[in-house]
Protein chains: 2
Amino acid sequence: MTGPTDPPDVPGLSAGLSREEALALRESFDPDERERIDETVAALLDLLGKAHTMAVLSAFAFADGPLRFSGLESQLDIAPNTLSTRLQELTAAELLERTAYDEVPPRVEYTPTEKAESLFPVFAHLHHWAIEYDL
Amino acid sequence: MTGPTDPPDVPGLSAGLSREEALALRESFDPDERERIDETVAALLDLLGKAHTMAVLSAFAFADGPLRFSGLESQLDIAPNTLSTRLQELTAAELLERTAYDEVPPRVEYTPTEKAESLFPVFAHLHHWAIEYDL
DNA sequence: CCGCATCCTACCGGATACTG
DNA sequence: CAGTATCCGGTAGGATGCGG
């Protein structure tokens, strides 16, 4: 038996709204607001779609407290320039907050904002998905 | 007022498990299974990370019933070769099922599998996120 | 030492044209 | 309609260097 072990009825996988509920909620907004939502979703998917963005955020989702550049680099096996770019994008999107400490050795910490934290259940959901399924 | 309108206390954004719950659940598995889960998550993030994968899946998440190649192509504004590749990958991952009808004009339909459907609340969550936040 | 910027190379994704 | 073939540009990845 190397496949997914019979999971002990993992809770939470069906958490979140159904398609019908989501569509109904969507109807409750006026067209202008609906358009803004669509654009935001598109932009969000675009950001999350870039290579390693999800992996980076997921690292923050399962970490407790701030993370450092080198920690992410080794943990994720990602090239430093790419990591740097992603961190800048996420900081610009106000999903991460960058704090530099003027010390020796130097230290830079990245902390997820509230905006990012409200995104984290997504990664928990993906984790649960992996408990039940394989790829 | 062009920013996000004060949302009428949208439900569902906090749906899903917290980080603590997720980590606790993780502890309940033996090391071998934990390793499998990690690999699956990594593979999943890798797949979802590729350009337009999330957008394609999200299209299925909010659609009712199967979708066709041309529909996705126009709806998502994505190059045909790229769409073709993504659909092949998703089909190989058993997230989509491809059904070809021998007709004129030819028709090919893609249907999300149960594996994919259990992933859909993620997209609903992202949609809700866009209701509360901006990018 | 750590956090990046730079240079270069390889590959991936976009546009277009074409076929079953 | 549903893809493939081809070409090309952008972007990720690896190595290296350097400032703080």
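First the proteins, then the strands, lettered A, B, ... as listed; each starts at 1.
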inquiry  = Does B:D64 form a side-chain contact (heavy atoms from CB on, under 4.5 Å) with A:L23? I'd like the steps, not just the answer.
reply    = CA-CA 11 Å; B:D64 187 13; A:L23 289 178; over 6 Å; no
With [X], which residues qualify under side chain to side chain donor-acceptor pair (under 3.5 Å), at least two apart?
X: B:R107; value: B:E103, B:E109
X: A:R68; value: none
X: B:E114; value: A:Y133

ask   = Excluding sequence neighbours, so at least two apart, what forms side-chain contact (heavy atoms from CB on, under 4.5 Å) with A:A43?
value =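 With sequence neighbours excluded, A:A43 shows a side-chain contact (heavy atoms from CB on, under 4.5 Å) to B:L135, given in chain and number order.
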task = Could you pull out all residues at least two apart from A:A79 that satisfy side-chain contact (heavy atoms from CB on, under 4.5 Å)?
result =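 Per chain and number, A:A79 pairs via side-chain contact (heavy atoms from CB on, under 4.5 Å) with A:N81, A:T82.
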Any residue of residues 40-70 of chain B with a heavy atom less than 4.0 Å from an atom of DNA chain D =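 The answer is B:R68, B:F69, B:S70.
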request  = Give me the residues of residues 86-100 of chain B where at least one heavy atom lies under 4.0 Å from an atom of DNA chain D, by number, or none.
outcome  =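 Going residue by residue through residues 86-100 of chain B, the ones with a heavy atom under 4.0 Å of DNA chain D turn out to be B:Q88, B:R98.
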ask   = What's the spacing between A:L83 CG and A:Q75 CD if we round to 0.5 Å?
value =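 Answer for the CG-CD pair, A:L83 versus A:Q75, is 10.5 Å.
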Length of the CG-C1' vector between B:L72 and D:dA2, whole Å =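 Rounded to whole Å, this separation is 12 Å.
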request  = Spell out protein contact along nucleotides 14-20 of chain D as letters: B when the base is contacted, S when just the sugar-phosphate is, - when no protein heavy atom is under 4.0 Å; keep the 5' to 3' order.
outcome  = BB----B
message = Here's a test for you: under side-chain contact (heavy atoms from CB on, under 4.5 Å), which of A:L72, A:L67, A:V108 qualifies with A:L87?
response =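 Option passing the side-chain contact (heavy atoms from CB on, under 4.5 Å) with A:L87: A:L72.
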key: Nucleotides bounding contact with chain B, strand DNA chain C, heavy-atom threshold 4.0 Å   =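 Counting from the 5' end, contacts occupy C:dG13 to C:dG20.
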key: Contact list for residues 43-56 of chain B, test side chain to side chain donor-acceptor pair (under 3.5 Å), sequence neighbours left out   =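 Sorted pair list: B:K50-B:E89.
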request  = Sorted by first residue and then second, give each ring pair (Phe, Tyr, Trp, His ring centres under 6.0 Å) pair with at least one member in residues 54-111 of chain B; sequence neighbours left out.
outcome  =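 Sorted pair list: B:F62-B:H127.
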request  = Check step by step if side-chain contact (heavy atoms from CB on, under 4.5 Å) holds for B:M54 and A:M54.
outcome  = CA-CA 11 Å; B:M54 302 261 294; A:M54 303 262 294; 4.1 Å; yes
message = I'd like to know if B:R26 pairs up with B:D38 as an ion pair, taking the criterion as any Lys NZ or Arg NE/NH1/NH2 lying under 4.0 Å from an Asp or Glu carboxylate oxygen.
response =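 Salt bridge between B:R26 and B:D38, a charged N being under 4.0 Å from a carboxylate O: yes.
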key: Electrostatic pair B:D134-A:R36, nearest N-O below 4.0 angstrom   =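 Salt bridge flag = yes for A:R36 with B:D134.
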query = Are B:Y110 and D:dG3 close enough that a side-chain N or O sits under 4.0 Å from OP1 or OP2?
reply =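 Affirmative; the distance criterion is met.
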inquiry  = Quick check: closest heavy atoms across B:A93 and B:K115, and the distance to 0.1 Å?
reply    =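 Nearest pair, atom of B:A93 first, then B:K115: O-NZ, 3.1 Å.
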query = So do A:L45 and B:S58 actually touch side chain to side chain, heavy atoms under 4.5 Å?
reply =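 In short, these two side chains touch, coming nearer than 4.5 Å.
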task = To the nearest 10°, let me know how far the axis at one end of the helix from C:dC1-D:dG20 to C:dG20-D:dC1 is tilted from the axis at the other, five pairs an end.
result =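 It works out to 40° between the end axes.
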